[in-house]
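The structure under discussion appears below in the form of structure tokens.
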Protein chains: 2
Amino acid sequence: MDTTLEHCASTPHEPNVFLDGCFAREAMTRLGGKWTVLVIKALGPQERMRFGELRRKLDGITQKMLTQTLRDLERDGMVNRLVYPTMPPRVEYSLTKLGLSTVDLIEAICDWAEQHSEEVRLARIAFDERATRDVQPISG
Amino acid sequence: MDTTLEHCASTPHEPNVFLDGCFAREAMTRLGGKWTVLVIKALGPQERMRFGELRRKLDGITQKMLTQTLRDLERDGMVNRLVYPTMPPRVEYSLTKLGLSTVDLIEAICDWAEQHSEEVRLARIAFDERATRDVQPISG
DNA sequence: CAGGATCCTTGCCGATACTG
DNA sequence: CAGTATCGGCAAGGATCCTG
């Protein structure tokens, strides 16, 4: 008999991203957040990185967003936060087992983006040009 | 030399999601958007779906967001929009080749979310409880 | 060094009304 | 049926200043 932990306390059903309110949909956003993906990718399979290292690696991230993203990931059990009570402070971040379970997926997401970004960019330009032409009242 | 990151938006470079202004980072968000993922998953490998079908399948989506998501996907070359000039109107959506190139990835993302949502949920609860306890120094 | 706190702008997104 | 148009709340996210 399955006596493992229950599903959502209020919604007894299989996790299904198509269902509104299902936590799976919320969990999905962890693999969707702009910075979330990059932080996980930066931490990588077994890297340990300090706050400053991450900030330098994630071009364009602000201190606030990095802190917030790391907190969110820690809260969701994806990232370990190791604090050395030294002065100046030293904090090291690494992926948990749960976080590690996403690295292949994260890599695949980034690979797709890097491999198809040009295609997307061109499609977007073409679409916008078509839209601009269609705005012309009477012609063509 | 040239150890800095000035080779971003305008200068040609390999697509790299770590670089600010790189279009690959923008393309990545297509695999990140909450509704984007679900629309692609709903359209599936070779489905053709009408607007109403999609709306019913994507529990909780508003008409506005569905329209907007479909437009964005069409603009980025991921979705075909086929309009029948009938009355009442009939519009069918399907994935383009580029869109199809993401279905395995999209499925993997949703699978991960559905398989680990409970783990994430529990981690979140545990984290919040810890946080609540740590905030107890004053009142009691 | 690794943040916390604050202010403020952007735009996401829902709700509603209307159209061909 | 499949949209478009508009208003508005509110949260994401950036910039800046401050601290142990």
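Protein chains get the first letters and strands the later ones, always in sequence-line order, with residue 1 at the start of each. Note that the structure is a prediction, hence the values are computed from the model and not measured.
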How many whole angstroms separate atom [atom1] of [X] from atom [atom2] of [N]?
X: A/Asp59; N: D/dG14; atom1: CG; atom2: P; answer: 12 Å
X: B/Arg90; N: D/dG3; atom1: CZ; atom2: P; answer: 12 Å
X: A/Gln68; N: D/dA11; atom1: CD; atom2: P; answer: 13 Å
X: A/Leu58; N: D/dG14; atom1: CG; atom2: P; answer: 12 Å
X: A/Leu66; N: C/dA2; atom1: CG; atom2: P; answer: 10 Å
X: B/Leu70; N: C/dC13; atom1: CG; atom2: P; answer: 14 Å
X: A/Met65; N: C/dT6; atom1: CE; atom2: C1'; answer: 16 Å
X: A/Ile61; N: C/dG3; atom1: CD1; atom2: P; answer: 12 Å

Tell me whether the side-chain N/O atoms of A/Arg81 come closer than 4.0 Å to OP1 or OP2 in C/dG3.
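Result: yes.
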Given C/dC1, is OP1 or OP2 found less than 4.0 Å from the side-chain N or O atoms of A/Tyr93?
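The answer is no; no side-chain N or O of A/Tyr93 sits under 4.0 Å from OP1 or OP2.
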Residue pair [X] / [Y], side-chain heavy-atom distance below 4.5 Å:
X: B/Asp76; Y: A/Phe127; result: no
X: A/Val120; Y: B/Glu26; result: no
X: B/Leu95; Y: B/Val79; result: yes
X: B/Gln68; Y: B/Arg71; result: no
X: B/Tyr93; Y: B/Arg81; result: yes

Stepwise, does the side-chain contact (heavy atoms from CB on, under 4.5 Å) test hold for A/Arg30 with A/Leu73?
CA-CA 8 Å; A/Arg30 276 289 154 266; A/Leu73 286 172; 4.1 Å; yes
Looking at [options], which one has an atom nearest to any side-chain atom of [X]?
X: A/Gln63; options: D/dT4, C/dA2, C/dG4; value: C/dG4
X: A/Pro89; options: C/dA2, D/dG14, C/dG3; value: C/dA2
X: B/Thr62; options: D/dG3, C/dG3, C/dG14; value: C/dG14
X: A/Pro88; options: D/dG20, D/dG3, C/dC1; value: C/dC1

Looking at [atom1] of [X] and [atom2] of [Y], how far apart are the two atoms once the value is rounded to the nearest 0.5 Å?
X: A/Ser94; Y: A/Met78; atom1: OG; atom2: CE; result: 12.5 Å
X: B/Leu31; Y: B/Thr36; atom1: CG; atom2: OG1; result: 8.5 Å
X: B/Met28; Y: A/Trp112; atom1: CE; atom2: CH2; result: 11.0 Å
X: A/Leu19; Y: B/Leu58; atom1: CG; atom2: CG; result: 11.0 Å

Where along residues 26-55 of chain B does a heavy atom come under 4.0 Å from DNA chain D, residue by residue in number order?
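Those residues whose heavy atoms fall under 4.0 Å from DNA chain D, taken from residues 26-55 of chain B in numerical order, are B/Arg50, B/Phe51, B/Gly52.
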How is A/Tyr84 classified with respect to the nucleic acid when contacts are heavy atoms under 4.0 Å: base, sugar-phosphate, or nothing?
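Nothing, no heavy atom under 4.0 Å.
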Review item, nucleotides 7-9 of chain D N/O atoms under 3.5 Å of protein N/O:
none

